[in-house]
Amino acid sequence: MTALAEAAPAQAAVIDVGSNSVRMVLYRLEGRAVWTVFNEKVLAGLGRDLPRTGRLSEAGVADAMAALRRFAAVLEGVRPDLTFVAATAAVREAEDGPDFCERVAAETGLRIRVLTGEEEARASALGVLAGAPDASGTAADMGGTSLELTRIGGGMVRGGVTLALGPFALSDGKPFDAERVRALVAKRLKPAKSAHGDSRLHAVGGAWRSLAQLHMAISDYPLKVVHQYAMSAADAREVARFAARQSKASLEKSPGISRRRAETLPYAALVLEGLIDQLGFEEISFSAWGVREGLLFEALGEKTLAADPLLAGTEALGARQGVSPGLPGAVAGWIAALTRDLPPAFDAERDAVLTRAACNLCDLGARLHPDHRVELAFDQVLRASIPGQTHVERAFLATAICARYGGGAATPEPETIARLLSDERRGRARALGLAIRLACDLSGRSPQLLANAAVTIEDGALRLSATPTYADMLLGEQTRRRARSLAEALGAELVIEGGG
């Protein structure tokens with residue numbers, strides 16, 4: 001597969017013919033920044049009858065064909081630069097899988113690539129890494145009929161295995177019986193016990209995303225973003241057992257759980273419980289990225305893959321909404337002497353990445369209405385569809401951008417921020433945002449003017465200075481107000497050198 005161009009924006013499409021769902025996603029690729037611009041699925045249930053008959057579900061085939069005809073029409077109109085059409089376990093294992101692929105080609109023109117179990121596991125694990133490059137542990141992708149387990153770490157994928165642990169494979173056409181399913185899960189997990197146990201599990205798949213949403217609702221979690229939502233093994237076991245005890249009618253009333261998802265959720269819950277009990281996972285992190293994104297990941301050039309997705313995403317978002325392309329880099333350079341001396345929020349390497357990400361967003365509100373700029377910019381950063389950041393880091397960046405636009409220390413969502421950020425991290429984020437605000441307002445958004453001023457923190461004093469020629473022009477009353485706010489946030493004395 002030829003790699004996509006590494007500079008020019010491109011549009012890509014992935015059609016994923018799974019054992020439970022048939023989905024098409026259209027993406028806009030701006031280097032390492034990946035944006036979902038269209039996403040449609042049908043829960044066809046192709047693999048529903050597979051364990052019992054060895055064939056695809058007749059009703060599922062009808063639903064899948066209707067969806068694929070529509071998807072083919074959309075592709076004809078959109079004409080993306082790159083298209084993947086892939087099928088996973090149900091089509092791979094069904095005796096009539098080849099006939100289904102031929103029918104799809106004849107009726108829609110779509111040529112399906114049937115992934116082997118190894119290819120599916122690898123693509124899913126690559127998707128997890130595409131969305132969280134520092135992820136390590138075991139990636140677990142649950143489909144309708146199978147579960148793929150793959151070790152990941154250091155940006156690498158190692159040793160995948162496919163197990164018959166999807167909901168359709170566990171139900172075998174019988175009514176749900178929790179104890180029977182638990183015993184079956186434990187038996188089928190035995191081959192993976194020694195090679196795939198780890199401390200962290202990265203859960204992929206719609207059923208587990210529904211479990212994450214269920215846990216958010218039960219715990220009144222304020223940030224409804226599934227990607228990189230994390231919970232302890234104890235919390236995961238508790239929500240899994242809760243889901244397994246609920247009736248189908250009860251589950252259908254839960255947030256984000258459809259009628260068809262309610263049928264499979266108890267099985268997915270018991271598989272998660274079994275993974276924790278049998279393989280010893282201590283933390284569960286949910287990934288919204290999987291096979292589809294993994295296929296895209298393989299098509300990107302090496303230079304693109306090496307980029308940080310958070311920096312790429314914030315750079316693309318900031319550039320689209322800002323008005324001064326050179327401003328983020330100039331601001332980052334100007335505040336570097338100050339931010340190096342701020343109390344750490346994470347570790348030195350991560351603090352540097354988050355500082356640059358915040359600078360990338362320094363002009364985010366340029367096109368927003370000034371009366372609502374603080375709230376809108378804060379909300380965009382907190383909930384942006386940019387991967388490569390934990391929920392805590394989302395809150396950190398949103399707090400920084402709130403301060404950059406003059407928002408108060410409480411932020412527009414004080415309860416959310418208080419739940420996600422410690423006082424120390426909140427303090428650094430606010431100081432970072434105020435430093436960015438000072439840089440932007442001092443220069444009038446002119447990168448060239450920033451070169452004629454400097455800011456440092458030394459011996460408990462915030463020192464702001466300007467070259468003699470520019471002092472009167474740069475160190476005006478508004479600049480002084482911005483500097484005082486920053487000094488107060490730092491608990492430092494303000495010293496302004498130069499100017500009238």
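Computed from a predicted model, the values in this text were never measured in an experiment.
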Do any N or O atoms from the side chain of Gln228 and from the backbone of Gln389 form a donor-acceptor pair under 3.5 angstrom? yes
Side chain to side chain donor-acceptor pair (under 3.5 Å) partners of Arg111, counting only residues at least two apart: none
Excluding sequence neighbours, so at least two apart, what forms ring-ring contact (aromatic ring centres under 6.0 Å, His included) with Phe281? none
Under 3.5 Å, is there a donor-acceptor pair between the side chain of Gln321 and the main chain of Gly318? no
Checking Asp81 side chain against Ala12 main chain: does a donor-acceptor pair fall under 3.5 Å? no
Strictly by ring-ring contact (aromatic ring centres under 6.0 Å, His included), give each pair with a member in residues 354-397 just once, sequence neighbours left out. Tyr221-His391, Tyr229-His391, Phe346-Phe396, His369-His372
Report, as yes or no, whether the 6.0 Å neighbourhood of atom CD on Glu40 holds more than 12 heavy atoms from other residues, nucleotides or ligands. yes
Can we say Arg92 and Glu119 salt-bridge, meaning some charged N sits less than 4.0 Å from an Asp/Glu carboxylate O? no
Pairs satisfying salt bridge (Lys or Arg N to Asp or Glu O under 4.0 Å), at least one member in residues 388-402, at least two apart: Arg350-Glu393
Less than 3.5 Å apart, any donor N or O on the side chain of Ser285 or Glu283 sitting next to an acceptor on the other? no
Salt bridge (charged side-chain N to carboxylate O under 4.0 Å, His left out) partners of Arg419, counting only residues at least two apart: none
Exam field: side chain Arg373 to backbone Leu368, donor-acceptor pair closer than 3.5 Å: yes
Residues in side chain to side chain donor-acceptor pair (under 3.5 Å) with Glu58, at least two apart? none
Please list, chain by chain and in numerical order, all residues satisfying salt bridge (charged side-chain N to carboxylate O under 4.0 Å, His left out) with Glu95, sequence neighbours excluded. Arg55
Quick check on salt bridge (Lys or Arg N to Asp or Glu O under 4.0 Å): which of Arg23, Lys41, Arg292 does Asp16 satisfy it with? Arg292
Run the side-chain donor-acceptor check on residues 121-139: report pairs under 3.5 Å with partners two or more places apart or on a different chain.
unit_1 : atom_1 : unit_2 : atom_2 : d
Arg122 : NE     : Glu298 : OE2    : 3.3
Ser124 : OG     : Asp141 : OD2    : 3.0
Thr138 : OG1    : His196 : O      : 2.7

For Asp235, give me all partners under salt bridge (charged side-chain N to carboxylate O under 4.0 Å, His left out), at least two apart in sequence or on another chain. none
Between Arg404 (side chain only) and Cys362 (backbone N and O only), is there a donor and an acceptor less than 3.5 Å apart? yes
What pairs with Asp96 under side chain to side chain donor-acceptor pair (under 3.5 Å), at least two apart in sequence or on another chain? none
Asp363 side-chain N/O to Val323 backbone N/O, donor-acceptor pair under 3.5 Å: yes
Suppose we screen for side chain to side chain donor-acceptor pair (under 3.5 Å). Which residues come up paired with Thr88, at least two apart in sequence or across chains? none
If a pair satisfies salt bridge (Lys or Arg N to Asp or Glu O under 4.0 Å) and one of its residues is in residues 149-171, list it, with sequence neighbours excluded. Arg151-Asp198
Measuring only between side-chain heavy atoms, which start at C-beta, is Phe297 closer than 4.5 Å to Val34? no
